[in-house]
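Lettering follows sequence order; numbering is per chain, from 1. Note that the coordinates shown come from a computational prediction; the quantities given were computed from them, not determined experimentally.
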Amino acid sequence: EAGVTQSPTHLIKTRGQQVTLRCSPISGHTSVYWYQQALGLGLQFLLWYDEGEERNRGNFPPRFSGRQFPNYSSELNVNALELEDSALYLCASSPKGSGANVLTFGAGSRLTVL
Amino acid sequence: AQSVTQPDIHITVSEGASLELRCNYSYGATPYLFWYVQSPGQGLQLLLKYFSGDTLVQGIKGFEAEFKRSQSSFNLRKPSVHWSDAAEYFCAVGAPSGGSYIPTFGRGTSLIVHP
């Protein structure tokens, strides 16, 4: 069974640019979560999508956005990049309706903003 | 809102020694608790979880954790550490939010294993 896959694995952008990160969940999982892992800050919750709808978002500005497609894959978009956006962006998926959801993580997309 | 504290940023142990990583949480009710491990360049892998029942939880790779309600703690233990256990360890607490339990993570503890 394929795990959670993310692309690209690494990318470098400059301030002010925009970036799109992609995530494919485990087959059968309908929920996708996005986390930002900046150096020394642990994982910060960004967004949760389930069945195509945004269900919850963390304390991030509106320039962080995303969507979930009918096949449950997801994109994370970050506009007007700032230096502090440099981080590892982790996607995770879980089955629908499992309540206490156990998240399965991808390997992440490492974004460097210069 | 829930929160998680991992008081140790780094822990250094010798191979074969025992290990305990500390985790304290803040939440008004009984939370769902998790420990994840992240090897360099990898995503997070679930080691174990506590939802209810027996407060001593067994996980993969020989790890266990004990939920102590009175201390709001969920410490991770291993009796004998292997060099391959060197990694970043994250404790997480899940509390209900919008119909799901979105985990809140601690800042992590980096485990260094000396030969």
Atom group of B:Leu46 that falls short of 4.5 Å from chain A, counting heavy atoms: side chain

Interchain contact, B:Gln38 with chain A, by part (heavy-atom threshold 4.5 Å):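 Contact with chain A: side chain only.
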
For the [atom1] atom on [X], are there more than 12 heavy atoms of other groups (residues, nucleotides or ligands in this structure) within a distance under 6.0 Å?
X	atom1	value
A:Leu83	CG	yes
B:Lys49	NZ	no
A:Arg63	CZ	yes
A:Leu114	CG	yes

4.5 Å side-chain heavy-atom contact, B:Phe34 and A:Leu103: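 Of all side-chain heavy-atom pairs linking A:Leu103 with B:Phe34, none is under 4.5 Å.
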
Minimum side-chain heavy-atom gap B:Tyr36-A:Val102 below 4.5 Å: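 Yes, at least one pair of side-chain atoms sits under 4.5 Å.
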
Heavy-atom proximity to chain B below 4.5 Å, by part of A:Leu43: both

A:Gln37 versus chain B, the contacting section by heavy-atom distance below 4.5 Å: side chain

Minimal non-hydrogen separation, B:Gly43 against A:Leu90, with atom names: CA-CD2, 4.2 Å

A:Tyr35 to B:Ile102 - nearest heavy-atom pair and separation: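 In terms of heavy atoms, the two residues are closest at OH-CG2, 3.7 Å.
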
Close contacts, residues 65-73 of chain A versus chain B, judged by heavy atoms under 4.5 Å: none

Disulfide (SG to SG under 2.5 Å) pairs, two or more places apart, involving residues 39-92 of chain B: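 Qualifying pairs: B:Cys23-B:Cys91.
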
Residue pairs involving residues 43-76 of chain B (criterion disulfide (SG to SG under 2.5 Å); sequence neighbours excluded): none

Side-chain atoms of residues 105-115 of chain B: list all donor-acceptor pairs with protein atoms under 3.5 Å, sequence neighbours left out, distances to 0.1 Å.
{"unit_1": "B:Thr109", "atom_1": "OG1", "unit_2": "B:Gln6", "atom_2": "NE2", "d": "3.4"}
{"unit_1": "B:Thr109", "atom_1": "OG1", "unit_2": "B:Asp8", "atom_2": "O", "d": "2.6"}

Report whether [X] and [Y] are members of the same hydrophobic cluster (ILVMFWY, side-chain heavy atoms less than 4.5 Å apart, transitive linking).
X	Y	value
B:Ile60	B:Val37	yes
A:Leu46	A:Leu88	no
A:Trp34	A:Trp48	no

Greatest number of heavy atom pairs closer than 4.5 Å to chain B - which of A:Ala92, A:Gly108, A:Ala107, A:Gly58: A:Ala107

